[in-house]
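By convention in this document, chain letters (A, B, ...) are assigned in the order of the sequence lines, proteins followed by strands, and residues within each chain are numbered from 1. Here the structure is a predicted model, which means the values were calculated and not measured.
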Amino acid sequence: MSQASALDPFAVFGLARSLDLDDKTLEQRYLRLSRECHPDLHRAKDTADCIAVLQRSAEINDAWKVLRDPWQRARALVELLSPGALDRTKRLDPAFLADALELAEEVAMANGDAVPPLRTRIAAALEADFAAVRAELQHGAVDAAARRLHASHYHRKALQDLDAKS
Amino acid sequence: MAYSDKVLDHYQNPRNVGSLDKDDPNVGTGVVGAPECGDVMKLQIKVDDSGKIVDAKFKTYGCGSAIASSSLATEWLKGTSVDAAAQIKNTQIVEELSLPPVKIHCSVLAEDAIKAAIDDWKKKQGATKAAEAKG
């Protein structure tokens with residue numbers, strides 16, 4: 001785990017922990033926070049002050065990176081709600097993995113006209129993953145949400161592989 | 001990071017790629033994955049009446065080390081007994097393929113796949129015997 005993930009990015013931004021953040025609000029807050037403690041604008045009086053400003057500015061940037069991406073935001077949220085959840089749930093259902101393997105094969109074989117519908121299907125699977133993560137979190141089922149986040153990796157990778165072909 | 005010659009060899013010429021009939025009572029199937037990197041490994045064994053592994057196949061979707069680890073595993077499995085197969089350790093795979101520390105998880109995946117395949121076969125054997133005793 002990187003140091004950035006040890007911090008609560010929601011707290012850095014002064015936001016309630018939630019999977020659904022408004023993009024515009026988030027960006028506005030990022031710009032405001034950045035302005036407030038930009039190392040160039042913020043003339044530090046002494047060295048200690050200067051280091052604090054730099055550190056705060058790094059925290060804001062790290063939190064921004066996590067919060068602006070819904071998937072990273074989801075991972076951070078899961079870990080905050082139940083530390084260790086992602087690690088605990090790594091063992092995925094063999095039936096799901098068998099499907100993931102089949103999908104990978106399908107991606108490897110796909111060409112021409114078969115590519116667009118396949119891309120649509122995988123994109124839909126990724127969307128379904130995110131909707132499921134949201135639903136599990138709403139029910140307080142953090143481990144189930146973590147499992148679905150792991151599952152989404154296979155769909156994302158399949159999509160990347162498909163895009164890499166064209 | 002450079003791959004060792006053995007990894008490259010297995011990666012370029014993977015042994016025993018394919019599938020066995022997963023519904024065959026003498027076939028054990030193990031499917032395991034490493035979600036961090038999106039790797040999946042399917043390993044299957046076919047066992048005869050004396051408990052000897054007569055065939056082994058794999059399909060792996062992942063990096064070169066994951067493919068090499070499972071390819072090597074199937075080579076070791078063929079012709080050995082189920083009991084001996086259960087003793088295979090990931091460290092042996094690491095040693096044989098000279099895997100670097102960042103790729104050790106690939107060998108762990110292969111060991112997990114072997115164990116899962118054996119468990120599946122044992123479960124099927126138990127079910128078959130129970131059915132025979134009942135029938």
Given heavy-atom pairs under 4.5 angstrom as the criterion, report whether the side chain, backbone, both or neither of B:Asp112 touches chain A. side chain

So for atom NZ, which belongs to B:Lys52, do other residues, nucleotides or ligands contribute more than 12 heavy atoms lying within a distance under 6.0 Å? no

Measuring only between side-chain heavy atoms, which start at C-beta, is B:Val40 closer than 4.5 Å to A:Leu92? no

Which atoms of B:Ala34 approach chain A - backbone, side chain, both or neither, heavy atom under 4.5 Å: backbone

Mind telling me whether A:Trp64 and A:Phe13 have parallel, tilted or perpendicular rings, with 30° and 60° as the class edges? parallel

Please state whether the side chain, the backbone, both or neither of A:Arg91 comes within less than 4.5 Å of a heavy atom of chain B. side chain

Any B:Ser69 side-chain heavy atom under 4.5 Å of B:Leu99 side chain: yes

Heavy-atom proximity to chain B below 4.5 Å, by part of A:Asp93: neither

